[in-house]
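Here the structure is a predicted model, which is why all the values come from computation and not from measurement.
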Amino acid sequence: MLQISRLRNAKNLVIEGLRKRGWTDGELIILDQIIEADDYRKKIQTANDELLAQRNRISKEIGQLFKNGKADEVQSAKLKVETLKSEISENEKSLSEFVETIQNLLYKVPNVPHPKVPAGKTDKDNLLVKDWDGELPNLAQDALPHWDLAKKYDILDFELGVKITGAGFPVFRKQGARLQRALINFFLDEAINAGYEEIAPPLLVNEQSGIGTGSLPDKEGQMYYMEKDDLYLIPTAEVPVTNILRNEIVKSEDFPFKFVAYTPCFRREAGSYGSDVKGLNRVHQFDKVEIVQAQHPDLSHETLDEMVSYVEILLQKLELPYRILRLCGGDLTFASALTYDFEVYSAAQKKWLEVSSVSNFEGFQANRLKLRFNDEFGSKRLAHTLNGSALALARIIAALLENNQTPEGIKIPEVLKSYTGFDMIK
RNA sequence: GGAAGAGUGGCAGAGCUGGUUGAAUGCACCGGUCUUGAAAACCGGCGUGCGAGAGAUCGUACCGGGGGUUCGAAUCCCUCCUCUUCCGCCA
């Protein structure tokens with residue numbers, strides 16, 4: 001959530017940033033509405049605090065009068081308060097109205113993109129910061145996409161998922177299930193070795209947590225919702241894990257907080273059909289290992305770079321061809337200030353698949369979470385939060401299956417063999 | 001799901017027959033005195049949000065969340081949530 005103080009102090013920069021997201025003059029009006037509403041709010045509060053002070057003073061006097069046995073003077077004092085009270089309650093009513101209005105306006109403003117973010121509307125405008133400089137896998141003419149490989153080796157069953165649940169809930173079987181579990185363990189072990197604390201969080205979260213990371217109130221549609229219990233299925237471990245630090249004032253010497261969590265992720269994914277969503281490319285439930293950090297604002301962009309290279313090494317270890325993109329303003333998610341996407345080449349589909357997204361949210365989530373720290377001058381500042389997938393399993397599996405297919409079977413990358421217990425899917 | 005009890009500052013723990021109680025006391029923490037240094041002892045400081053002010057500082061709100069009664073509520077009432085114990089059910 002945008003800080004009003006930032007809007008007041010650096011409005012031009014905020015506008016400049018939002019323009020990168022393609023915001024028009026008409027949309028930018030909201031910024032003035034926020035400032036205006038906030039001005040009113042301040043005015044009312046100043047006036048109301050004065051009235052409250054009067055009320056408190058008189059009430060104290062009444063207490064004294066009783067003590068001194070001057071009960072006869074009490075009545076006139078009570079009358080004075082009576083007139084104050086109606087004024088106060090009216091002020092408080094409009095005060096809470098303004099607070100709510102401001103809140104709702106602020107919820108509509110996405111994070112201000114970092115200066116490094118290129119302007120642009122769609123994924124075509126994303127900046128390729130690192131291209132794959134090696135060979136792309138050169139598969140045989142009859143190479144199969146992963147959904148056909150899944151059938152051939154009986155490791156992944158989409159139709160069965162339809163029977164049990166519905167479309168988009170694949171069932172992994174046999175070596176497919178083992179591969180899945182191997183990847184999870186591999187990713188977790190790597191993260192732990194890199195100093196991340198492993199978390200096993202709840203998969204259902206309350207509304208407050210959803211708001212904390214910016215998943216609510218805007219994107220209810222993306223999440224599965226349990227109406228009876230007022231809980232949401234997590235779309236990513238980011239939500240429960242980042243909320244560990246909600247409402248905390250941390251010590252700056254405790255930075256960085258580094259968490260890793262494996263969880264299934266649930267996405268309702270309203271939207272497109274066709275080849276983009278075929279197979280494992282887009283599903284309602286998939287597994288992901290997520291890394292989350294909270295960091296001092298001065299260091300968060302170094303941390304982002306460090307997380308990017310961490311993910312890069314994972315892909316190298318898996319021997320997958322990848323490239324790195326810096327997302328343009330239009331492709332940036334609501335809460336992010338700067339995002340790098342990793343794409344892995346899927347040889348049989350002949351397309352790049354997004355397998356990881358690493359973002360710095362700067363103070364945007366922290367402002368919603370109320371995650372602060374005491375700086376060296378003793379004043380409170382917002383921490384910065386970051387996260388990244390390391391990695392999303394479904395698409396990694398798709399790429400592994402396709403890229404490593406041979407006439408003899410599907411080869412398992414060296415680093416995974418000790419986890420899978422086999423070196424070939426056949 | 002049923003019954004009883006409880007939720008107070010970083011922690012522990014008073015207050016809860018309504019009126020200098022934002023809240024005693026202890027611990028922890030920070031600064032100081034003492035000490036070669038440390039410990040102990042002693043002195044002082046030590047919550048968060050919002051508003052006003054150049055600032056010192058002042059005002060206001062917050063004692064699980066929300067609402068109510070009252071001139072005035074941590075203290076009384078309603079409601080929701082959470083925790084503990086007992087019972088039931090269950091991986």
Side-chain angles (χ1 to χ4, degrees), chain A residues 1-9 34-106 200-212 216-217 226-232 240 243-255 257 264 363 365-383:
Chain A
M1 188 163 63
L2 180 65
Q3 289 178 88
I4 296 183
S5 58
R6 182 176 177 192
L7 177 57
R8 287 182 183 277
N9 297 335
I34 290 168
I35 292 175
E36 198 182 331
D38 194 47
D39 285 339
Y40 270 111
R41 194 205 100 244
K42 287 184 180 187
K43 213 176 275 178
I44 295 168
Q45 188 180 330
T46 307
N48 199 236
D49 280 357
E50 173 53 31
L51 294 179
L52 284 168
Q54 279 183 44
R55 187 202 64 184
N56 290 343
R57 205 160 47 236
I58 296 171
S59 292
K60 240 171 224 172
E61 284 167 18
I62 290 174
Q64 283 303 315
L65 289 173
F66 272 122
K67 263 186 194 159
N68 301 335
K70 296 180 182 166
D72 46 321
E73 292 175 33
V74 166
Q75 208 49 39
S76 68
K78 280 191 184 180
L79 278 173
K80 266 194 272 180
V81 178
E82 206 64 49
T83 57
L84 288 177
K85 271 175 84 177
S86 62
E87 227 179 310
I88 287 170
S89 77
E90 218 150 284
N91 276 337
E92 282 178 347
K93 203 175 134 213
S94 59
L95 202 56
S96 62
E97 274 169 18
F98 270 108
V99 168
E100 200 188 323
T101 304
I102 293 164
Q103 193 67 242
N104 288 334
L105 289 172
L106 283 172
L203 307 182
L204 289 158
V205 293
N206 57 29
E207 186 187 20
Q208 266 309 306
S209 294
I211 290 173
L216 291 172
M226 313 276 135
E227 195 170 2
K228 248 185 165 170
D229 300 289
D230 196 20
L231 294 171
Y232 298 83
N243 273 281
I244 289 172
L245 296 170
R246 168 151 52 90
N247 259 321
E248 297 288 339
I249 299 174
V250 301
K251 296 200 205 96
S252 61
E253 60 263 34
D254 288 340
F255 285 129
F257 292 82
Q365 289 182 330
N367 193 208
R368 292 186 170 209
L369 293 160
K370 300 280 169 281
L371 165 55
R372 292 152 296 166
F373 69 99
N374 282 308
D375 69 10
E376 63 269 41
F377 308 107
S379 58
K380 267 139 217 84
R381 292 172 64 189
L382 293 175

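U8(B) and G26(B): their C1' atoms are spaced 16 Å apart (whole Å). Here the separation of G7(B) from C63(B), taken at their C1' atoms, is 10 Å to the nearest Å. Spacing of P atoms, A28(B) relative to U17(B), comes out at 33 Å, to the nearest Å. G22(B) and U48(B) are spaced 11 Å apart, taking the C1' atom of each and rounding to whole Å. For the P atom pair drawn from G55(B) and U36(B), the interatomic distance equals 45 Å after rounding to whole Å. Rounded to the nearest Å, the gap between the C1' atom of C76(B) and that of U82(B) is 23 Å. Straight-line distance between the P atoms of A38(B) and G53(B): roughly 45 Å, to the nearest whole Å. Taking the P atoms as reference points, C30(B) lies 15 Å from G47(B), given to the whole Å.
Within the structure, every side-chain polar atom (N or O) of Arg55(A) is placed at least 4.0 Å from both OP1 and OP2 of U70(B). Contact annotation: Arg41(A) side-chain N/O to G51(B) OP1/OP2 distance is under 4.0 Å. A sub-4.0 Å separation between OP1 or OP2 of A61(B) and a side-chain N or O of Asn48(A) is absent. Regarding contacts with the backbone of U60(B), a side-chain N or O of Asn56(A) is found under 4.0 angstrom from either OP1 or OP2. The shortest distance between the side-chain N/O atoms of Arg57(A) and the OP1/OP2 oxygens of G59(B) is not below 4.0 Å. Checking the phosphate oxygens (OP1, OP2) of U48(B), a side-chain nitrogen or oxygen of Lys380(A) falls inside 4.0 Å.
One atom, CD1 of Ile62(A), and another, P of G72(B), lie 8 Å apart when rounded to the nearest Å. Atoms CG (Asn374(A)) and P (G10(B)) sit 12 Å apart, rounded to a whole Å. Nucleotide G53(B) holds its C1' atom 14 Å from the CG atom of Asp49(A), rounded to whole Å. Atom-to-atom, CG of Leu382(A) to C1' of G49(B) comes out at 13 Å; the value is rounded to the nearest Å. Following rounding to the nearest Å, Glu253(A) (CD) and C30(B) (C1') show an atom-to-atom distance of 12 Å. If you measure from atom NZ of Lys60(A) to atom P of A73(B), you get 12 Å, rounded to the nearest angstrom. Rounded to whole Å, the distance from CG on Leu231(A) to C1' on C81(B) is 13 Å. Note: CD1 (Ile88(A)) to C1' (A61(B)) measures 13 Å, nearest angstrom.
Heavy atoms of other residues, nucleotides or ligands lying less than 6.0 angstrom from CD of Glu90(A) number 12 at most. Residue-environment remark: CD (Gln103(A)) exceeds the threshold of 12 foreign heavy atoms within 6.0 Å.
Ile249(A) comes within contact range of the sugar-phosphate backbone alone, with a heavy-atom separation under 4.0 Å but no base atom that close. Residue contacts shown for Lys42(A) are limited to sugar-phosphate atoms, with no base heavy atom under 4.0 Å away. Ala53(A) comes within contact range of the sugar-phosphate backbone alone, with a heavy-atom separation under 4.0 Å but no base atom that close.
Taking every side-chain heavy atom of Val81(A) into account, C71(B) is the closest of C71(B), A52(B), C50(B). Distance from the side chain of Glu82(A) is smallest for C71(B) among the nucleotides A52(B), U48(B), C71(B). Comparing G72(B), C50(B), G49(B) by their nearest atom to the side chain of Gln45(A) picks out C50(B). Looking at the side chain of Thr46(A), the nearest of the listed nucleotides A52(B), G59(B), C71(B) is A52(B). Residue Lys85(A) places its side chain closer to G72(B) than to any other of G51(B), G59(B), G72(B).
Each of Asp38(A) and Glu92(A) was matched to the nucleotide of RNA chain B holding its nearest heavy atom; the match closer to the 5' end belongs to Asp38(A). Residues Ile58(A) and Leu52(A) both approach RNA chain B. Their nearest nucleotides, taken by heavy-atom distance, put Leu52(A) toward the 5′ side.
In this structure a side-chain-to-backbone donor-acceptor pair under 3.5 Å is missing from Arg55(A) to Val81(A). Using modelled atom types, one side-chain atom of Asn243(A) and one backbone atom of Ser209(A) make a donor-acceptor pair closer than 3.5 Å. A donor-acceptor pair is defined here as one N or O able to donate and one able to accept, closer than 3.5 Å; such a pair exists between the side chain of Asn9(A) and the backbone of Ser5(A).
Applying the ring pair (Phe, Tyr, Trp, His ring centres under 6.0 Å) test to pairs two or more places apart or on separate chains, those with a residue in residues 35-64 of chain A are Tyr40(A)-Phe98(A).
Salt-bridge check for Asp39(A) with Lys42(A): failed, with every basic side-chain N at 4.0 Å or more from each acidic carboxylate O.
When all heavy atoms of Leu382(A) and Phe373(A) are compared, the pair lying nearest together is O-CE2, 3.5 Å. Closest approach of Leu369(A) to Gly212(A), counting heavy atoms only: CG-O, 3.5 Å.
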Margin query: Taking Watson-Crick (N1-N3 plus N6-O4 or O6-N4) and G-U wobble (N1-O2, O6-N3), each under 3.5 Å, can you produce the dot-bracket string of RNA chain B? Use [ ] for crossing pairs and | for inter-strand ones.
Written below: ((((((((.[[[..)...(.....]]].(((((.......))))).((((((....)))))).[[[[[..)....]]]]])))))))....
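The shortest side-chain heavy-atom distance between Tyr232(A) and Leu216(A) falls under the 4.5 Å cut-off.
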